[in-house]
Amino acid sequence: MRPTSRIATCALALGVLVATAACSGGDPTPGAAKTALTIGTMTATRSMDPIDAGGGSIPYFQAVYDTLLKREPDGSLTPMLARSWTYDTSQTALTLTLREGVTFDDGTALDASAVKANLDRFRAGGGAEVGQAATTASVEAPDAKTVVIRLSGPDPALLNSLSDAYGLIANPVKFGQDKPFASVPDGTGPYELDQQATTVGSVWTYTRAANYWGTAAAFEKVVIRVFDNENAIVNGLRTGQIDTAVLQTVDQQTAATAGTNLKTTSQEIDLKLFNIFDRKGAKIAALGDPRVRQAINYAIDRDILVQQIQQGRGTATSQIWGVQAPGHVKELDSFYRHDPAKAKALLAEAGYAAGFDLTLPRLAALVPDSLAEALRTDLGAVGIRLKWDDLDRATFLTSTFRQFKYPGVVMNGGQPSLDWATISGSLLPKTVANPFGDTDATIQDLTAKIRAGSPEQAARHAQQLNRHIVEQAWFVPLYRMQYMHVTVPSVTAVPQAGLAVPALYNYRPAA
């Protein structure tokens, strides 16, 4: 935003911190107000195009783009670029009334045609979060301040999506350019990109926008630094060169708090699971039988995984639904208690008494050695011979989520607070968790009822759908992980309900 010069071309080695006043975060002089925030992360973005936004990269985009709606830390939605919104009685037409007096960097006024252009471009862009726009049939701009989104059917997650990647609004004047926002964003957000202090892929530096339409940004400067391991992030926290980070691994959580004055907040959020893609048995015939998938679930000792690998920081579970979602059913957490004898009986009943071979991809950052060995041992005890293919990050992503060379993957999954976010992200055909498009009559019936029902009806049907998915063993959930939000004493970070990474707005100088 309002670029002052070219992007810096010097390379910054990942995991190396340069201890200089210009790039160091750290705590300010005692008694001084905190004016700069440095965030450490392992999630990178190589583009500032809203089409490429999603997941843990959202804070990069929130700095320079506003969304139509704002998601508060508790998950509630408040006005942002849209000052109000209403649905029609069929819940298939959403009318947004835009805020007045908002302009892009070049002075172009935000209006309905700009919002329509963004929503249309997002739908056609094929980004990672394009599924957020799956139910949008058309977008209309009847006047300068009114936008109407017409849906193919009710979408309980649409408002949430408009506070996320689908709702990010960029200057449409640049849409005709080749890769218009690859490194130079142009939005209406609270910060501007400092290109001289930015190295794409490694360090992104933002400065407070002087004429922001809303409340001024909390910090004069925000720096987001990318690392390839949590050990480097913890070193930065302990030396004061990073102000805040979200730590996933138990060892690094312990290292960050031992003998320091760092502030911590724990949040049980993401789910570790074996996501079975091949539920029809196209690659591994055995996986097409629900009895085999049930046997895999019974074979794994989740309590031991939590105790030994997570050091007690987490909760064993057999369901993918998060505890904040209405469709969560507490007793389903223990539906598949460790029972090797039952697993062997189910395998024999399905015709696999001698077991079968199973090869899965492994990214060490997602499946550490201890977890890999525990799963291999548990499955081996019932006759399932698990082999891991150790891959680098690029090969892992391509072979697993683009070429689908494997029948499934052990990965982290989100724990949304909305039932429909879980359904649309994990169960509907062609989602990341269901790339082969599996479904059945029960799923189709219940998802239709959830979309069209009242909140009370939707919650009841979501619980029924949750139970059906567990009984059919669509997934092999392992445990909900406990993440740790760590900050220096002069910074406060409020976790975001249903998300592992706080919104950029959730950081404040400590009182």
Side-chain angles (χ1 to χ4, degrees), residues 17 25-28 34 36-44 54-63 70-76 163-164 204 206 217-219 222-227 229-272 306 310-315 322-324 365-366 412-417 479-511:
L17 292 170
D27 254 357
K34 181 68 171 170
L37 174 72
T38 300
I39 302 172
T41 181
M42 290 175 60
T43 301
S57 72
I58 284 292
Y60 292 94
F61 297 86
Q62 291 173 328
K70 182 181 178 183
R71 195 183 321 178
E72 300 295 340
D74 64 359
S76 61
S163 72
D164 202 75
W204 295 84
Y206 307 90
F219 298 92
V222 169
V223 179
I224 302 179
R225 292 186 172 277
V226 183
F227 299 88
N229 64 86
E230 284 197 346
N231 182 62
I233 291 177
V234 170
N235 287 337
L237 287 164
R238 292 179 67 91
T239 58
Q241 296 174 73
I242 296 175
D243 298 314
T244 185
V246 179
L247 301 178
Q248 299 182 19
T249 59
V250 174
D251 289 347
Q252 296 307 323
Q253 291 175 6
T254 301
T257 55
T260 72
N261 64 345
L262 296 170
K263 298 189 300 184
T264 65
T265 302
S266 294
Q267 180 186 21
E268 194 170 270
I269 182 66
D270 275 3
L271 175 71
K272 185 74 74 175
V306 171
Q310 291 296 108
Q311 297 179 26
R313 301 181 184 184
T315 302
V323 296
Q324 294 175 320
L366 287 174
N412 295 351
Q415 294 272 270
S417 55
Y479 47 79
R480 291 190 292 271
M481 295 179 286
Q482 190 177 99
Y483 287 178
M484 180 178 286
H485 301 263
V486 184
T487 67
V488 295
S490 58
V491 171
T492 296
V494 180
Q496 187 78 35
L499 296 174
V501 178
L504 190 61
Y505 330 115
N506 295 13
Y507 297 99
R508 291 281 187 276

Novice: Return the minimal non-hydrogen interatomic distance between Trp204 and Tyr60, and the atom names on each side.
Specialist: CD1-CE2, 3.2 Å
Novice: Please list, chain by chain and in numerical order, all residues satisfying side chain to side chain contact (heavy atoms under 4.5 Å, CB included) with Lys263, sequence neighbours excluded.
Specialist: Thr487, Thr492, Ala510
Novice: May I ask you to decide if Asn235's main-chain N or O and Thr239's side chain share a donor-acceptor pair within less than 3.5 Å?
Specialist: yes
Novice: Check side-chain hydrogen bond (donor to acceptor under 3.5 Å, both in side chains) between Ser163 and all other residues, then give those that pass, not counting sequence neighbours.
Specialist: Arg71
Novice: What residues form a side-chain hydrogen bond (donor to acceptor under 3.5 Å, both in side chains) with Ser57, not counting sequence neighbours?
Specialist: none
Novice: Any side-chain to backbone donor/acceptor pair from Gln267 onto Gln496? Under 3.5 Å, distance only.
Specialist: yes
Novice: side-chain hydrogen bond (donor to acceptor under 3.5 Å, both in side chains) with Gln482: which residues, sequence neighbours excluded?
Specialist: none
Novice: Could you tell me which non-hydrogen atom of Arg238 sits nearest to which non-hydrogen atom of Ala258, and how far apart they are?
Specialist: NH1-O, 2.8 Å
Novice: The criterion is side chain to side chain contact (heavy atoms under 4.5 Å, CB included); which residues satisfy it with Pro502, sequence neighbours excluded?
Specialist: Val246, His485, Asn506, Tyr507
Novice: Could I get the full list of side chain to side chain contact (heavy atoms under 4.5 Å, CB included) partners for Gln311, not counting sequence neighbours?
Specialist: Val250, Asp251, Thr254
Novice: What closest approach, in Å, do Asp270 and Asn412 show between heavy atoms, and which atom pair accounts for it?
Specialist: OD2-CB, 4.3 Å
Novice: Please identify each residue that fulfils side-chain hydrogen bond (donor to acceptor under 3.5 Å, both in side chains) with Gln252, with sequence neighbours left out.
Specialist: none
Novice: When Ile233 is tested against each of Leu247, Val486, Thr244 for side-chain contact (heavy atoms from CB on, under 4.5 Å), which residue passes?
Specialist: Leu247
Novice: For Gln415, enumerate each residue passing the side chain to side chain contact (heavy atoms under 4.5 Å, CB included) test, keeping only those at least two apart in sequence or located in another chain.
Specialist: Ile269, Leu271, Arg480
Novice: Give a yes or no on whether the backbone of Gln248 and the side-chain of Glu230 come within a donor-acceptor separation of less than 3.5 Å.
Specialist: yes
